[in-house]
**Student:** 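Quick one: the structure is below, and I'll ask about it shortly.
Keep in mind that the numbers below use all heavy atoms, side chains included, and drop hydrogens, waters and symmetry copies. The shown structure was predicted, so the numbers you read here are calculated from the model rather than taken from an experiment.
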Amino acid sequence: MDESDFGKKFYKKVTVDGKTVGKWVVFVNLNEYDDDGNCIHYLDCNRHEEWREYAENGKLIHIRRRNGYEEWYELDSTGNMISKKNSKGKKIIYKVKSNSEGKIVHREGSDGEESWWEYDESGNNIYEKTLDSDGYEKEWFYEYNDENKCVHLKYFVDGDISEECFYELNEKGYRSHTKQLIDGKEFNFWREYEYWDNGKPRKEFLFRAL
């Protein structure tokens, strides 16, 4: 399956609340990964396309889009981003504070944006808040299962819930079904995978419910 299949309808057996059911879906997105699990190529049905490069520690350092736009990220010794520049000539410098495990807990950008992170005892990111340069307050709350996989997300803008997602996982621990709630409307997505020999995804195919 490739981009020539975008927009095509398929009848598939999918999982909903742990049960297998038949659904008509449409193919909307294709991701490709390296064998370390990093997404190196993104392409959706609207022909938005992006290529990504990573440092040896798996942190993102460069993106390039189909329209020619590019961004580069500079990292500190713990892998946290300390600067960002783009192909339009804009550069942002970040002041970063980390906890004793090296995880970022606060970042302040030269553009006025400021962010905070919180973690549980297993090191999972459970809360994030950003005051962006346009004055909006954005918050993310994450919940995890016993295998430390994210299964629930709530996203708020200026204190009002904007999006909520519930994730079902497949037998390998990767997302298989996403139920997304936005402004009282429900959207459902399913993922299928091709895997590397080490068990990590090589390709990810995203389908949207009709």
**Student:** CG of Asp183: more than 12 outside heavy atoms within 6.0 angstrom?
**Tutor:**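 For Asp183, atom CG is not crowded (no more than 12 foreign heavy atoms under 6.0 Å).
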**Student:** Distance-only, no hydrogens or angles: does the Asn46 side chain make a donor-acceptor pair with backbone N or O of His48 under 3.5 Å?
**Tutor:**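 Checked: no pair found.
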**Student:** Just wondering, do His177 and Val16 contact through their side chains at under 4.5 Å, heavy atoms?
**Tutor:**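 They are in contact (side-chain heavy atoms under 4.5 Å apart), so the answer is yes.
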**Student:** Tell me whether the guanidinium CZ or amine NZ of Lys172 lies under 6.0 angstrom from the six-membered ring centre of Tyr195 and within 45° of its axis.
**Tutor:**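 Ring-cation test returns yes.
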**Student:** Does the pair Arg52 and Glu50 meet the rule for a salt bridge (Lys or Arg N to Asp or Glu O under 4.0 Å), with working shown?
**Tutor:** CA-CA 7 Å; Arg52 301 168 183 172; Glu50 184 173 285; 2.7 Å; yes
**Student:** Should Phe166 and Ile182 be regarded as members of a common hydrophobic cluster, given that ILVMFWY residues are connected when their side-chain heavy atoms come within less than 4.5 Å of each other, either directly or indirectly?
**Tutor:**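 No: no chain of side-chain contacts under 4.5 Å links Phe166 to Ile182.
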**Student:** Assess whether side chain to side chain contact (heavy atoms under 4.5 Å, CB included) is satisfied between Leu43 and Trp51, documenting all intermediate values.
**Tutor:** CA-CA 9 Å; Leu43 178 63; Trp51 293 265; over 6 Å; no
**Student:** If you compare all heavy atoms of Leu206 against all heavy atoms of Phe27, which two are closest, and at what distance to 0.1 Å?
**Tutor:**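 Taking every non-hydrogen atom into account, O-CD1, 3.4 Å.
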**Student:** Determine whether the side chains of Tyr127 and Glu139 contain a donor N or O and an acceptor N or O closer than 3.5 Å.
**Tutor:**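 Glu139 and Tyr127 do have a side-chain donor-acceptor pair below 3.5 Å.
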**Student:** Under a plain distance cut-off of 3.5 Å, with no hydrogens placed, do Ser98 and Asn80 share a side-chain donor-acceptor pair?
**Tutor:**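 There is such a pair between these side chains.
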**Student:** To the nearest 0.5 Å, what is the distance between CG on Leu169 and OG1 on Thr15?
**Tutor:**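 Reported to 0.5 Å precision, the distance equals 11.0 Å.
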**Student:** Mind listing the closest non-hydrogen atom pair of Tyr42 and Asn29 along with its distance?
**Tutor:**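 What the structure gives for the nearest pair is CE1-OD1, 3.0 Å.
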**Student:** Could you walk me through whether Thr178 and Arg191 satisfy the side chain to side chain contact (heavy atoms under 4.5 Å, CB included) test, starting with their C-alpha distance in whole Å, then the side-chain angles of each, then the deciding distance to 0.1 Å, before giving a yes or no?
**Tutor:** CA-CA 9 Å; Thr178 298; Arg191 289 173 168 83; 3.1 Å; yes
**Student:** I'd like to check Asn170 versus Tyr193 (side-chain heavy atoms, cut-off strictly below 4.5 Å). Are they in contact?
**Tutor:**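 They are in contact (side-chain heavy atoms under 4.5 Å apart), so the answer is yes.
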**Student:** Side-chain heavy atoms under 4.5 angstrom apart, residues restricted to Ile, Leu, Val, Met, Phe, Trp, Tyr: same cluster for Val96 and Tyr73?
**Tutor:**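 As far as the 4.5 Å side-chain criterion goes, Tyr73 and Val96 are connected within one cluster.
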**Student:** Closest heavy-atom contact between Gly58 and Asn38?
**Tutor:**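 That would be O-OD1, 3.5 Å.
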**Student:** Does Lys12 qualify as a cation-pi partner of Phe207, given the criterion of NZ or CZ under 6.0 Å from the six-membered ring centre and within 45 degrees of its axis?
**Tutor:**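 Yes, cation above the ring, under 6.0 Å and within 45°.
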**Student:** Hey, is CG on Asn67 packed in by over 12 heavy atoms from elsewhere, all under 6.0 Å?
**Tutor:**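 Enclosed: over 12 neighbouring heavy atoms sit under 6.0 Å from CG of Asn67.
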**Student:** Cluster question for you: counting only ILVMFWY and a side-chain heavy-atom cut-off of under 4.5 Å, with indirect links fine, are Ile61 and Ile82 together?
**Tutor:**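 Yes, same cluster.
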**Student:** For residues Tyr144 and Asn125, report the shortest heavy-atom separation together with the two atoms involved.
**Tutor:**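 Minimum heavy-atom contact is OH-O, 2.5 Å.
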**Student:** To check you understand the geometry: which heavy-atom pair defines the closest contact between Leu60 and Leu75, and what is its length?
**Tutor:**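 Taking Leu60 first and Leu75 second, the nearest heavy atoms are O-CD2, 4.1 Å.
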**Student:** A cation-pi test, strictly: NZ or CZ of Lys154 under 6.0 Å from the centre of the six-membered ring of Phe141 and no more than 45 degrees from its axis. Yes or no?
**Tutor:**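 Lys154 over Phe141 ring: no.
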**Student:** After noting the C-alpha distance and the side-chain angles of Arg65 and Glu71, does the key distance pass the salt bridge (Lys or Arg N to Asp or Glu O under 4.0 Å) rule?
**Tutor:** CA-CA 9 Å; Arg65 295 176 183 157; Glu71 286 186 354; 5.1 Å; no
**Student:** Using only heavy-atom distances, determine whether the side chains of Glu204 and Tyr33 contain a donor-acceptor pair under 3.5 Å.
**Tutor:**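 Yes, a side-chain donor-acceptor pair sits under 3.5 Å.
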**Student:** So if you build clusters from Ile, Leu, Val, Met, Phe, Trp, Tyr with side-chain heavy-atom gaps below 4.5 Å, do Phe205 and Leu210 land together?
**Tutor:**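 Hydrophobic grouping puts Phe205 apart from Leu210.
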**Student:** Which value, rounded to the nearest 0.5 Å, describes the distance between Cys45 atom SG and Asp5 atom CG?
**Tutor:**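 It is 12.5 Å, given to the nearest 0.5 Å.
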**Student:** Are side-chain N/O atoms of Glu70 and Ser87 paired as donor and acceptor at under 3.5 Å?
**Tutor:**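 Short answer, no.
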**Student:** With side chain to side chain donor-acceptor pair (under 3.5 Å) as the criterion, how do Asp76 and Thr78 come out once you've worked through the C-alpha distance, each side chain's angles and the decisive distance to 0.1 Å?
**Tutor:** CA-CA 5 Å; Asp76 64 15; Thr78 60; 2.9 Å; yes
**Student:** Quiz question: by atom type and distance under 3.5 Å, do the side chains of Asn148 and Asn124 form a donor-acceptor pair?
**Tutor:**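 Side chains of Asn148 and Asn124: pair found under 3.5 Å.
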**Student:** For the SG atom of Cys165 and the CG atom of Leu181, what is their distance to the nearest 0.5 Å?
**Tutor:**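 Going from SG on Cys165 over to CG on Leu181, the span is 7.5 Å.
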**Student:** Taking the side chain as every heavy atom from C-beta outward, state whether Phe6 and Leu30 have any pair of such atoms under 4.5 Å apart.
**Tutor:**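 Phe6 vs Leu30: side chains touch.
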**Student:** Is the cationic atom of Lys149 (NZ for Lys, CZ for Arg) positioned less than 6.0 Å from the six-membered ring centroid of Tyr174 and within 45 degrees of its normal?
**Tutor:**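 Pair Lys149/Tyr174 counts as cation-pi.
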**Student:** Does atom NZ of Lys129 have more than 12 heavy-atom neighbours from other groups under 6.0 Å away?
**Tutor:**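 Yes, the 6.0 Å shell around NZ holds more than 12 heavy atoms from other groups.
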**Student:** Using a 6.0 Å distance limit plus a 45 degree cone around the ring axis, check whether Arg107 lies over the aromatic ring of Tyr94.
**Tutor:**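 So Arg107 does make the cation-pi contact.
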**Student:** Just verifying a value: how many Å separate Lys200 NZ and Asp34 CG, rounded to the nearest 0.5 Å?
**Tutor:**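 Between Lys200 NZ and Asp34 CG, I get 8.5 Å after rounding to 0.5 Å.
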**Student:** Do you reckon Tyr167 sits in the same ILVMFWY cluster as Trp190, going by side-chain contacts under 4.5 Å, direct or chained?
**Tutor:**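 Result: no, two separate clusters.
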**Student:** What distance separates Glu118 CD from His106 NE2, expressed to the nearest 0.5 Å?
**Tutor:**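 Here the rounded value is 12.5 Å.
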**Student:** Quick one about Asn31 and His41 (side-chain donor to acceptor, distance below 3.5 Å, no hydrogens or angles considered), yes or no?
**Tutor:**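 No, no side-chain donor-acceptor pair sits under 3.5 Å.
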**Student:** Which distance, rounded to the nearest 0.5 Å, do you find between the OG of Ser162 and the CH2 of Trp140?
**Tutor:**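 Between Ser162 OG and Trp140 CH2, I get 10.0 Å after rounding to 0.5 Å.
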**Student:** Do you see a donor-acceptor pair shorter than 3.5 Å between the side chains of Gln180 and Glu186?
**Tutor:**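 No, because no side-chain N or O of Gln180 sits under 3.5 Å from a partner of the opposite role on Glu186.
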**Student:** Please report the C-alpha distance between Ile104 and Tyr119 in whole Å, then the side-chain angles of each, then the deciding distance to 0.1 Å, and finally whether the side chain to side chain contact (heavy atoms under 4.5 Å, CB included) criterion is met.
**Tutor:** CA-CA 10 Å; Ile104 187 170; Tyr119 305 87; 3.5 Å; yes
**Student:** Using a strict threshold of under 4.0 Å (side-chain N to carboxylate O), is an ion pair present between Arg47 and Glu3?
**Tutor:**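 Here Glu3 pairs with Arg47 in a salt bridge, since their nearest N and O are under 4.0 Å apart.
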**Student:** Side chain to side chain contact (heavy atoms under 4.5 Å, CB included) between Glu53 and Trp72: does it pass, once the steps are laid out?
**Tutor:** CA-CA 9 Å; Glu53 297 179 29; Trp72 294 265; over 6 Å; no
**Student:** Hey, does the side chain of Ser83 reach the backbone of Ile93 with a donor-acceptor pair shorter than 3.5 angstrom?
**Tutor:**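 Not at all, since once roles are kept as given, no pair shorter than 3.5 Å links the two residues.
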**Student:** If only atom types and distance count, is the side chain of Thr130 paired as donor or acceptor with the main-chain N or O of Ser115 below 3.5 Å?
**Tutor:**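 Flag not set: sc Thr130 to bb Ser115 has no pair under 3.5 Å.
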**Student:** Where do Tyr155 and Val157 come nearest, in terms of heavy atoms and distance?
**Tutor:**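 Closest approach of Tyr155 to Val157, heavy atoms only: OH-CG2, 3.4 Å.
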